[in-house]
Amino acid sequence: MSEQGMIEGVFSIERMAKIGTGTTARRVKQTALYYAREVDEEKIELRGLNNKHVPFGDVTLITKDELLADYLPMPQLFKEVVGNLRAVQKSVARGDKFRKRGENFTAEYEYANALNLDEQNVRANFGIGLCLLARDEEDKAKKVFDRILGLDTAFSDDHKHLFNEYGIALRKKKLFGQAVDYYRRALELSNDDENLWYNLARAQYERQDWAACAEAVTKCLDLAPLHEEGRKMMEYLTRKGLV
């Protein structure tokens with residue numbers, strides 16, 4: 001329990017799981033650990049714990065009654081979990097600070113510390129990728145961002161600015177083809193972000209693919225008719241007779 005009386009802690013639940021296949025298949029009991037946090041009077045937010053005892057992955061909402069009926073409190077783990085969570089957050093924050101200063105090796109070290117505890121941390125993965133890109137290690141950066149595209153949690157609203165930042169970094173490196181491929185892949189999974197569409201249009205503009213540029217900026221304006229940069233780009237394309 002938190003100091004305010006709100007539920008916050010580590011809980012476990014036993015479930016039956018199938019192990020093996022065919023004639024060797026058997027069902028065994030497995031214990032799953034969760035970090036639980038009360039978000040209102042009725043709802044509890046659950047996140048699984050990885051093998052380093054750090055919350056990760058998607059959030060599941062259950063009722064308070066379900067938590068108290070089906071889950072067993074594990075108070076002995078709470079201090080460790082909260083400490084690990086804070087350690088990850090601090091390492092990522094330090095990594096962001098050093099990266100913004102241009103101190104990419106130090107930033108990468110901090111991001112690596114975060115990933116040692118939480119390998120699925122989206123901000124830390126993005127941070128390392130941006131550091132690699134800044135050092136022109138494009139092949140390594142591509143592997144990192146391919147991994148990010150496999151993380152379901154990467155596509156939450158909290159991380160959309162990171163997708164845009166990476167695409168912009170590619171474009172500034174004049175890697176226009178990679179930027180286009182990257183934005184297209186991101187849009188396959190999150191196609192309702194006007195800024196992703198606008199930045200795709202920018203990359204297509206740099207490639208002088210006017211039809212693709214117009215298509216992308218049209219999508220941007222469909223989602224956000226008052227998008228200032230998108231409107232300026234469409235006006236330019238129209239004035240130059242490129243659409």
| request: Under the side-chain contact (heavy atoms from CB on, under 4.5 Å) rule, what do Leu237 and Met233 come out as? Steps first, then yes or no, please. | output: CA-CA 6 Å; Leu237 294 173; Met233 178 174 284; 4.2 Å; yes
| request: Decide yes or no on side-chain contact (heavy atoms from CB on, under 4.5 Å) for Phe98 and Arg101, but give the supporting numbers first. | output: CA-CA 5 Å; Phe98 287 120; Arg101 290 179 183 174; 3.8 Å; yes
| So Lys143 and Asp139, salt bridge (Lys or Arg N to Asp or Glu O under 4.0 Å) or not? Walk me through it. | CA-CA 7 Å; Lys143 289 179 181 178; Asp139 290 340; over 6 Å; no
| request: Could you walk me through whether Glu119 and Lys52 pass the salt bridge (Lys or Arg N to Asp or Glu O under 4.0 Å) test, one step at a time? | output: CA-CA 10 Å; Glu119 64 181 13; Lys52 299 287 183 71; over 6 Å; no
| message | As a quick check of understanding, evaluate side-chain hydrogen bond (donor to acceptor under 3.5 Å, both in side chains) for Tyr71 and Glu66, giving each step before the final call. | response | CA-CA 8 Å; Tyr71 293 77; Glu66 287 175 316; over 6 Å; no
| request: Could you please spell out the steps behind the salt bridge (Lys or Arg N to Asp or Glu O under 4.0 Å) verdict for Arg37 and Glu45? | output: CA-CA 5 Å; Arg37 187 173 69 88; Glu45 187 180 86; 3.2 Å; yes
| Step-by-step side-chain hydrogen bond (donor to acceptor under 3.5 Å, both in side chains) determination, Asn104 to Arg99 | CA-CA 5 Å; Asn104 290 306; Arg99 181 170 60 80; over 6 Å; no
| message | Evaluate Leu77 against His53 for side-chain contact (heavy atoms from CB on, under 4.5 Å), listing each step before the verdict. | response | CA-CA 8 Å; Leu77 292 178; His53 289 170; 3.8 Å; yes
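Summarising the local packing, CD of Glu80 is surrounded by more than 12 heavy atoms from other residues, nucleotides or ligands at distances under 6.0 Å. Residue-environment remark: OH (Tyr109) stays at or below the threshold of 12 foreign heavy atoms within 6.0 Å.
Glu14 has a carboxylate O that lies under 4.0 Å from a charged side-chain N of Lys29, or vice versa, which qualifies the two as a salt bridge. Ion pairing between Lys232 and Glu228 holds under the 4.0 Å rule for side-chain N and carboxylate O. A salt bridge is absent between Asp58 and Arg47: the closest approach of a Lys/Arg side-chain nitrogen to an acidic carboxylate oxygen does not fall below 4.0 angstrom. Ion pairing of Glu38 with Lys64 is present here, as a side-chain N (NZ or NE/NH1/NH2) and a carboxylate O approach within less than 4.0 Å.
Scanning both residues, Leu223 and Asn191, for their nearest heavy atoms gives CD1-O, 3.9 Å. Of all the heavy atoms in Gln120 and Leu151, the pair that sits closest is O-CD1, 3.7 Å.
Here the CZ-CD distance, from Arg231 to Glu235, works out to 6.5 Å after rounding to the nearest 0.5 Å. Here the CD atom belonging to Gln178 is positioned 14.5 Å from the NZ atom belonging to Lys174, to the nearest 0.5 angstrom. Between the CG atom of Leu170 and the CD atom of Glu138 there is a distance of 8.5 Å, given to the nearest 0.5 Å. Residue Leu196 holds its CG atom at 4.5 Å from CG of Asn164, rounded to the nearest 0.5 Å. With rounding to the nearest 0.5 Å, the separation of OG1 in Thr60 from CD1 in Ile44 is 12.5 Å. Note that OH of Tyr205 and CH2 of Trp210 are 5.0 Å apart. Values are rounded to the nearest 0.5 Å.
If you look at Tyr182 and Tyr166, their ring centroids are closer than 6.0 Å. Checked against the 6.0 Å centroid criterion, the rings of Tyr183 and Trp197 do not qualify as a close aromatic pair.
No hydrogens or angles considered: nothing links the side chains of Tyr111 and Asn121 as a donor-acceptor pair under 3.5 Å.
In this structure a side-chain-to-backbone donor-acceptor pair under 3.5 Å is present from Asn199 to Asn195. A donor-acceptor pair under 3.5 Å is absent between the side-chain atoms of Asn125 and the main chain of Val144, judged by distance alone.
A cation-pi contact links Arg135 to Phe105, judged by a cut-off of 6.0 Å to the six-membered ring centre and 45° from its axis.
Across Asn84, Val88, Leu85, a single residue satisfies side chain to side chain contact (heavy atoms under 4.5 Å, CB included) together with Asp118, and that is Val88.
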